[in-house]
Every structure is written in structure tokens, then in C-alpha cells.
Amino acid sequence: MSRKHAALQRRVARLAAEWKDPHDELPWAKRDIVQNIEVAEDGEVTITVKPNRPHCPCCLLDLDNFRTKLLQTKGVSFASLTVVGIPASDRWTRTINRSM
């Protein structure tokens with residue numbers, strides 16, 4: 001693994017770990033929201049998330065904001081979030097990953 005790739009992995013992991021839940025001040029790292037992170041050499045990032053509140057519109061908006069911030073991260077060429085563990089997770093996933 002190159003140093004550039006390792007640095008990108010650290011930036012992505014830090015962003016995900018420090019992102020705050022919209023309902024309180026706890027970061028995602030303390031909430032078990034992030035299930036998996038994959039960072040490819042070419043900068044493509046795939047993150048699997050499990051929201052705490054499956055029927056909350058502000059959580060959907062927050063995931064959209066997180067993806068936007070991820071796309072602004074140096075070295076990220078593409079970002080997709082996969083939502084799991086909630087009803088209609090496929091719809092959440094499609095909505096969040098729509099083209100900007």
C-alpha cells in the first residue's frame with residue numbers, strides 16, 4: 001500500500017469516526033453507525049452505515065451531508081454509502097447516492 005493510499009484511508013476513517021449524530025453530540029465512533037469502510041487505491045470510497053433512527057428524515061439528510069463532505073475530502077474520487085439494518089434500506093441507499 002502506498003503512503004498516499006494510507007493517508008487517504010486515515011482521512012476517511014477520521015471523518016467517519018468524528019462525524020456527529022444530528023440528535024446528540026456523540027460521534028459516530030461511539031454509536032456503531034459505521035459498519036465497514038473500503039478505500040480503493042484510485043480514491044473510490046464505499047462506506048456501509050446503519051442509522052440509529054430508521055424513520056428519521058434528518059438522519060437521511062445527515063447521511064447526505066456526510067457523503068458530500070466525503071466527496072470534498074482530498075484524494076476521494078468517488079463516494080458511495082450503503083445503508084443496512086433498517087426498513088427500506090435500499091431506498092435510503094439510492095437516495096443518498098443519487099448524482100449531485
Side-chain angles (χ1 to χ4, degrees):
M1 176 184 336
S2 71
R3 288 176 50 181
K4 186 175 174 184
H5 185 227
L8 176 58
Q9 285 181 319
R10 285 192 300 276
R11 281 193 296 276
V12 169
R14 190 176 316 115
L15 177 65
E18 294 174 354
W19 195 262
K20 299 262 200 275
D21 185 280
H23 296 283
D24 59 36
E25 288 301 306
L26 284 179
W28 280 5
K30 297 209 185 292
R31 292 207 155 267
D32 294 327
I33 290 174
V34 176
Q35 305 293 303
N36 187 45
I37 298 176
E38 294 177 27
V39 181
E41 284 277 349
D42 65 357
E44 186 172 327
V45 177
T46 304
I47 300 180
T48 304
V49 293
K50 182 179 178 187
N52 285 332
R53 294 168 179 85
H55 302 292
C56 178
C58 74
C59 288
L60 180 61
L61 292 172
D62 186 58
L63 287 173
D64 190 55
N65 291 337
F66 173 74
R67 181 174 177 265
T68 299
K69 187 71 171 176
L70 196 56
L71 287 166
Q72 295 168 351
T73 301
K74 179 183 174 193
V76 173
S77 61
F78 182 80
S80 66
L81 298 181
T82 303
V83 180
V84 297
I86 62 168
S89 58
D90 58 326
R91 286 182 24 208
W92 277 53
T93 298
R94 271 196 316 275
T95 301
I96 293 164
N97 293 308
R98 73 195 183 289
S99 58
M100 296 182 71

[Y] side chain reached by [X] side chain, heavy atoms, under 4.5 Å:
{"X": "Leu15", "Y": "Arg11", "result": "no"}
{"X": "Val83", "Y": "Pro51", "result": "yes"}
{"X": "Asp64", "Y": "Arg98", "result": "yes"}
{"X": "Lys69", "Y": "Asn65", "result": "no"}

Heavy-atom pair with the smallest gap, counting every atom of [X] and [Y]:
{"X": "Ala79", "Y": "Leu70", "answer": "CB-CD2, 3.7 Å"}
{"X": "Pro27", "Y": "Ala17", "answer": "CB-O, 3.2 Å"}
{"X": "Cys56", "Y": "Trp92", "answer": "O-CH2, 3.8 Å"}

Given Lys4 and Leu8, is the side chain to side chain contact (heavy atoms under 4.5 Å, CB included) satisfied, shown in steps? CA-CA 6 Å; Lys4 186 175 174 184; Leu8 176 58; over 6 Å; no
Given the options Ile47, Asn97, Leu81, Leu63 meets side chain to side chain contact (heavy atoms under 4.5 Å, CB included) only with Leu81
In short, side-chain hydrogen bond (donor to acceptor under 3.5 Å, both in side chains) pairs touching residues 24-37 with sequence neighbours left out are Asp24-Arg31, Asn36-Glu38
#### Entry: Atom CZ of Arg91: over 12 foreign heavy atoms under 6.0 Å
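Not more than 12 within 6.0 Å, no.
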(request) Ignoring hydrogens and angles, tell me if any N or O in the side chain of His5 forms a donor-acceptor pair with the backbone of Val39 under 3.5 Å. (result)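 It does hold such a pair.
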* To do: Using the side chain to side chain contact (heavy atoms under 4.5 Å, CB included) rule, take Cys58 and Arg53 through it: C-alpha gap first, then chi angles, then the decisive distance, then the call.
  => CA-CA 9 Å; Cys58 74; Arg53 294 168 179 85; over 6 Å; no
### Query
If we ignore angles and hydrogens, is there a donor and acceptor under 3.5 Å between the side chains of Asp62 and Trp19?
yes
Query raised in the report: Could you go step by step and tell me if Ser89 and Lys50 meet the side chain to side chain contact (heavy atoms under 4.5 Å, CB included) rule?
Result: CA-CA 9 Å; Ser89 58; Lys50 182 179 178 187; over 6 Å; no
Review point. Looking at CG of Leu60 and OG1 of Thr95, how far apart are the two atoms once the value is rounded to the nearest 0.5 Å?
Key: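 The CG atom of Leu60 sits 6.0 Å away from the OG1 atom of Thr95.
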